[in-house]
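Scroll down for the structure; my scribbles are underneath it.
Keep in mind that the numbers below use all heavy atoms, side chains included, and drop hydrogens, waters and symmetry copies.
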Amino acid sequence: MTAFASLAAPARAAFALWALLLCLGCLGSGALSAVNRRYGLTALAAALLAPVYLLWQVLFDLSLFGLTEQSVALSRVLGVLPWLCWLAALVLLSLAAAQLLRYDITYSKTRLTPGAVKLFLDGMPCGVCCWRENGRVLFSNDCMNRLCLALTDGPLLNGNQFRDAIGDELRTVDGRVWRFACREFESEGETLRELIAADVTAEYAKTRSLERDKAELSALNQELRDYYNSMGEAVRHHEILRAKANIHDEMNRLMLATAAADGGDPAELDRIFALWEQNALLLCMQAGENADAEAGERLEKLAAALKLRLIWQGTSPAALPEPQRGLFWSAAQEAAVNAVKHAGARTLTISIFETDAAIRCAFANDAAAPEGPVRFTGGLANLSRLAERQGAGIAARTANGTFTLSLCFPKEEL
């Protein structure tokens with residue numbers, strides 16, 4: 001039978017190509033087994049690669065030197081074997097390599113392997129990235145790689161740097177809104193970090209729409225509150241109009257009664273004058289009481305809104321004439337606002353004391369006294385001008401850690 005070394009050169013070249021393809025097949029099968037973490041099959045592929053590589057080296061040696069003394073002894077021994085022995089050996093090795101490769105491919109398709117996990121995660125619409133504490137990336141899918149390239153203009157090489165570069169929880173990429181969430185977890189005694197990027201474009205649009213609807217609803221509620229308040233104001237104006245009508249009717253009745261009275265009867269004239277005096281006093285008292293009541297109610301509402309407690313001392317504001325009462329209520333409101341706005345006060349003490357020379361009003365708060373001189377600007381400047389027109393004095397002083405705004409109405413100006 002013809003020895004293998006006696007075959008024609010093209011035949012030996014075909015055997016060499018066959019052996020080379022078997023080497024590549026064994027390498028591929030071993031790599032696939034390693035990827036699937038089937039290290040036993042990887043060792044089997046390496047054991048199968050050893051004789052195939054040996055045969056390929058013998059073929060390479062025979063093609064160069066033949067059976068001469070320059071070739072190695074193993075090449076000369078295997079070269080004199082019948083070519084059918086070579087054929088049988090390559091066929092057996094090919095069948096073993098094919099069986100091993102088929103098993104690896106079947107295992108990859110039917111079992112849960114790292115490759116299958118990566119294939120699944122690459123198809124997810126969200127981004128997934130996992131890395132160690134030092135920043136070394138263990139895994140990142142295609143979506144996260146695209147997001148990193150769009151946000152940092154570079155590949156995802158360090159998980160910690162990418163997390164710091166994201167900054168905000170929400171980021172917009174190519175018109176889509178992404179929410180990034182990072183967490184830590186333990187795996188096999190090692191602390192790992194995971195970053196998930198979810199597409200929340202639809203949810204974000206709905207949230208913005210809800211916010212706009214909420215703003216519109218708040219505006220509508222404010223309009224309804226204003227309408228409700230205006231109803232009370234309309235009722236008040238109606239009551240005032242009715243009171244004016246009653247006053248007009250009463251005055252007409254008094255005028256008619258005065259015109260019809262007998263001028264020669266003193267008792268009748270006294271009765272008519274008493275009616276005039278009684279109605280005039282009643283009108284003045286009602287006007288003063290309504291004005292003071294409304295001003296006091298406004299001050300109480302303002303204090304309630306500012307969470308400020310009012311403490312009254314001394315006499316009533318009714319001790320002041322009408323023009324001075326308006327200035328007093330304006331000063332009280334300004335003192336309440338400034339006490340909360342500039343000093344954070346919680347209590348405002350309003351004192352009204354009357355002496356032989358003047359009526360003094362003081363507004364003292366319990367907050368820390370301001371540093372430096374008090375400048376009369378804004379509302380205090382307006383109060384100062386009004387007080388000057390009425391001949392009153394206004395001053396601000398700090399004593400014993402208490403800030404006090406004072407109004408003084410000289411009786412000679414009242």
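Ring geometry for Phe180 versus Phe162: interplanar angle over 60°, hence perpendicular rather than tilted (30 to 60°).
Within 6.0 Å of CG on Asn221 lie more than 12 heavy atoms contributed by other residues, nucleotides or ligands.
For the atom pair Leu405 CG and Leu383 CG, the distance stands at 7.0 Å (nearest 0.5 Å). Leu308 contributes atom CG, which lies 10.0 Å from atom CD of Glu300 (distance to the nearest 0.5 angstrom). Asn158 CG to Arg163 CZ: the interatomic distance, rounded to the nearest 0.5 Å, is 9.5 Å. Note that the CZ atom of Arg389 and the CG atom of Leu327 stand 11.0 Å from one another [nearest 0.5 Å]. Interatomic distance, Thr201 OG1 to Trp178 CH2, rounded to the nearest 0.5 Å: 7.5 Å. Atom CG of Leu41 and atom CG of Leu100 lie 6.0 Å apart (nearest 0.5 Å).
A side-chain N or O of Tyr53 and one of Gln57 form a donor-acceptor pair less than 3.5 Å apart.
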side-chain contact (heavy atoms from CB on, under 4.5 Å) evaluation trace for Ile359 with Thr315: CA-CA 10 Å; Ile359 299 177; Thr315 63; 5.8 Å; no
Derivation and outcome, side-chain contact (heavy atoms from CB on, under 4.5 Å), residues Tyr103 and Leu32: CA-CA 10 Å; Tyr103 181 79; Leu32 186 57; over 6 Å; no
Stepwise side-chain contact (heavy atoms from CB on, under 4.5 Å) test for Gln313 and Thr349: CA-CA 7 Å; Gln313 294 180 354; Thr349 302; 3.7 Å; yes
Evaluation steps, side-chain contact (heavy atoms from CB on, under 4.5 Å), between Leu407 and Arg360: CA-CA 6 Å; Leu407 277 177; Arg360 299 183 180 275; over 6 Å; no
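A donor-acceptor pair under 3.5 Å is absent between the side-chain atoms of Ser29 and the main chain of Gly25, judged by distance alone. Judged by distance alone, with hydrogens and angles left aside, the side-chain atoms of Thr355 form a donor-acceptor pair with the main-chain N or O of Ala358 at under 3.5 Å. With Asn160 contributing its side chain and Glu133 its backbone, the two residues share a donor-acceptor pair below 3.5 Å. In this structure, the side chain of Thr207 engages the main chain of Glu203 through a donor-acceptor pair within 3.5 Å. A donor-acceptor contact shorter than 3.5 Å links the side chain of Thr42 to the backbone of Ala34. Remark: side-chain polar atoms of Asp61 are not paired, donor with acceptor, to backbone N or O of Arg76 under 3.5 angstrom. In this structure, Arg12 contributes its side chain and Leu7 its backbone to a donor-acceptor pair below 3.5 Å. A donor-acceptor distance shorter than 3.5 angstrom exists from the side chain of Arg325 to the backbone of Leu320, with no hydrogens or angles considered.
Tested against Leu20 for a side-chain contact (heavy atoms from CB on, under 4.5 Å), the candidates Phe60, Trp56, Phe15 yield a single pass: Trp56.
Between Glu297 and Lys301, at least one side-chain N (NZ, or NE/NH1/NH2) sits under 4.0 Å from a carboxylate O, which counts as a salt bridge.
The shortest non-hydrogen separation linking Leu62 to Ser75 is CD2-O, 3.6 Å. Heavy-atom minimum distance, Arg176 versus Asp199: NH2-OD2, 2.9 Å. Counting all heavy atoms, side chain and backbone alike, Ala150 lies closest to Asp153 at O-OD1, 4.1 Å. Across every non-hydrogen atom of Ala45 and Cys26, the tightest pair is CB-O, 3.8 Å. Residue Ala197 comes nearest to Leu147 through the heavy atom pair CB-CD1, 3.6 Å, listed as atom of the first residue, atom of the second, then distance. Between Asn365 and Ala345, the shortest heavy-atom distance links the atoms CB-CB, 3.8 Å.
Considering only heavy atoms from C-beta on, Phe328 comes within 4.5 Å of Ile352 through its side chain. Glu194 places none of its side-chain heavy atoms less than 4.5 Å from the side chain of Leu192. Residues Gln390 and Phe409 have side chains in contact (heavy-atom distance under 4.5 Å, counting atoms from C-beta outward). For the pair Ile350/Ile311, no side-chain contact is recorded, criterion being any heavy-atom separation below 4.5 Å from C-beta on. Between Cys23 and Leu49, the closest side-chain pair of non-hydrogen atoms falls below 4.5 Å. For the pair Asn145 and Leu149, the minimum side-chain heavy-atom distance is 4.5 Å or more. Two residues are said to be in side-chain contact when any heavy atoms from C-beta on lie closer than 4.5 Å; Leu55 and Leu22 fail this criterion. Leu348 has its side chain out of reach of Arg309: every pair of non-hydrogen atoms, C-beta onward, lies at least 4.5 Å apart.
Under the rule for a side chain to side chain donor-acceptor pair (under 3.5 Å), Trp86 has no partner lying at least two apart in sequence or in another chain.
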